[in-house]
Amino acid sequence: MTQGQGPEHKALQKHLSQRAPQLETLLRAARRDRWILLVAAVALAMGWAAGLFWVGADTDQGEVYRIIYVHVPVAWNSFLWVMVGAAFASWGLARRERLPSMDLSSQAALEVGTVFAALSLVTGMIWGRPTWGVWWDWDPRLVSTLVMFLVCMGYHLLRSFTPDARARRVVAAGVALLAALNVPIVYYSVNIWRSIHQPQTFSRSQTAASSDVVATLFFNVFAMIVLGYALYRVRRGGLSLSSALEQARQDRG
Amino acid sequence: MADYGNLSWHVYLWAAYLVTGVGLGGFAWRSLRRRTEDAAALESEGFLQAPQATKQGDMGERS
């Protein structure tokens with residue numbers, strides 16, 4: 001039996017074919033993202049090689065201090081992507097007609113931020129054991145980072161448990177803003193409540209590190225930001241594609 | 001001074017880099033795979049057909 005000879009089917013085919021260029025643009029962008037991801041991975045590999053083999057050991061901590069070249073970049077990236085997610089969420093709330101698009105951007109940024117927050121906690125624990133003698137301590141920096149991570153996880157859980165798209169977008173934007181409120185608390189916690197975690201290594205008045213350590217660390221931070229951006233683009237493109245696929249399937253019935 | 005317990009400093013150092021590499025690599029791989037699957041679905045389900053191809057489909061290709 002030949003399908004779709006009726007006028008309704010022809011109208012539907014026309015509608016879907018009008019969407020084709022838009023979908024092909026999404027696919028072209030997806031192919032470009034692989035190159036950004038590759039460049040970021042190469043930059044990060046160079047940064048890690050410098051941190052592991054080029055810079056000298058620390059006088060107090062010895063070789064284990066080299067964890068700084070992964071821990072600090074992932075921690076700063078967690079702040080960055082949670083803030084970016086919240087910025088998209090606020091934009092969507094301020095301009096409701098842009099909310100569906102901003103919601104996808106916010107979701108992608110917060111997924112990247114959550115991964116970085118989890119890695120920040122894990123690498124911090126791995127560094128904490130040899131330097132503090134414990135894997136975990138109820139220290140303000142650690143607890144505030146854990147709270148930020150849990151709020152991010154709550155964001156994703158809430159999304160999956162809210163079937164209504166409009167309600168999901170608004171509630172998710174609210175939780176994204178709540179996650180971002182934690183960022184300054186995490187960042188300044190070491191100055192406000194002094195405890196086991198070391199204070200900020202870099203401040204406006206002084207820097208407690210040598211120039212080669214600073215250069216290597218900032219190169220790694222830069223490479224990790226590029227990688228974070230690549231991951232964000234991959235996820236944003238992926239969310240656009242799955243949203244387009246879902247919409248196209250709904251259009252088809 | 002650092003207290004490494006029963007483990008060498010190598011274990012902590014490499015574990016931190018390994019966890020970060022696996023975590024970020026895994027996230028990238030999973031994201032790319034999901035996107036590739038969605039792109040393949042768009043193509044295989046005929047949503048990327050150009051108008052001419054759609055017309056051919058109407059003429060019997062989708063029978």
Side-chain angles (χ1 to χ4, degrees), chain A residues 1-5 9-10 13-14 16-21 23-24 26-27 30 33-34 37 41 44 48 52 60-67 69-71 73-74 111-112 115-116 118-119 122-123 126-127 129-133 224 227 230-231 234-235 237-238 241-242 244-245 248-249 252, chain B:
Chain A
M1 182 184 162
T2 304
Q3 288 177 350
Q5 296 299 325
H9 179 80
K10 283 184 180 170
Q13 285 294 320
K14 192 179 170 193
L16 290 176
S17 68
Q18 279 166 353
R19 293 178 63 92
L23 296 175
E24 281 177 354
L26 281 176
L27 288 180
D33 293 346
R34 286 172 190 262
L37 202 57
L44 197 63
W48 283 10
L52 285 168
D60 288 333
Q61 294 189 28
E63 301 287 347
V64 83
Y65 98 98
R66 295 178 195 276
I67 293 175
Y69 301 115
V70 287
H71 178 66
V74 296
E111 281 187 20
V112 175
V115 171
F116 278 123
L119 289 173
V122 176
T123 54
I126 294 171
W127 198 4
R129 177 62 188 85
T131 50
W132 302 336
M224 197 66 91
L227 182 67
L231 291 174
V234 169
R235 272 312 286 144
L241 266 181
S242 51
L245 180 62
R249 281 173 175 160
R252 189 179 54 189
Chain B
M1 280 297 287
D3 164 27
Y4 302 127
N6 295 325
L7 301 170
S8 157
W9 60 266
H10 287 96
V11 177
Y12 299 106
L13 183 60
W14 292 107
Y17 279 79
L18 189 69
V19 163
T20 308
V22 169
L24 292 172
F27 180 72
W29 180 78
R30 186 167 167 271
S31 304
L32 283 170
R33 196 194 63 180
R34 282 171 63 181
R35 201 173 65 174
T36 307
E37 283 170 3
D38 282 346
L42 275 170
E43 224 154 346
S44 66
E45 293 179 31
F47 296 124
L48 296 179
Q49 286 175 333
Q52 289 84 354
T54 308
K55 201 172 178 182
Q56 276 181 348
D58 282 348
M59 292 171 76
E61 213 172 70
R62 289 164 66 90
S63 58

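Letters go in sequence order (proteins before strands), and every chain restarts at 1. Basis for what follows: all heavy atoms, side chains included, without hydrogens, waters or symmetry-related copies.
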Which answer fits [X], side chain, backbone, both or neither, if we ask what part of it has an atom under 4.5 Å from a heavy atom of chain B?
X: A/Leu119; value: side chain
X: A/Tyr65; value: neither
X: A/Val122; value: side chain

Legend entry - Heavy-atom pair count under 4.5 Å with chain B, highest-scoring of A/Val74, A/Asp33, A/Leu44: A/Asp33

Legend entry - Options A/Leu37, A/Leu52, A/Val112, A/Thr123, ranked by heavy-atom pairs under 4.5 Å with chain B, top entry: A/Leu52

Legend entry - Minimum side-chain heavy-atom gap A/Met224-A/Leu227 below 4.5 Å: yes

Inset, instruction - With the side chain counted from C-beta on, respond yes when B/Arg30 and A/Arg235 share a heavy-atom pair under 4.5 Å apart, and no when they do not. - result: no

Inset, instruction - Could you have a look at B/Thr20, B/Val19, B/Val11 and say which one has the most heavy-atom pairs with chain A under 4.5 angstrom? - result: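 Greatest number of close heavy-atom pairs with chain A: B/Thr20.
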
Inset, instruction - State, to 0.1 Å, how close B/Asp38 and A/Ser242 come at their nearest heavy-atom pair, and which atoms those are. - result: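 Distance-wise, the nearest heavy atoms are OD2-CB, 3.0 Å.
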
Inset, instruction - Could you pull out the closest heavy-atom pair between B/Gly21 and A/Trp48, with the gap in Å? - result: N-CH2, 3.8 Å

Legend entry - Inter-residue atom distance A/Ile126.CD1 - A/Thr131.OG1, 0.5 Å rounding: 11.5 Å

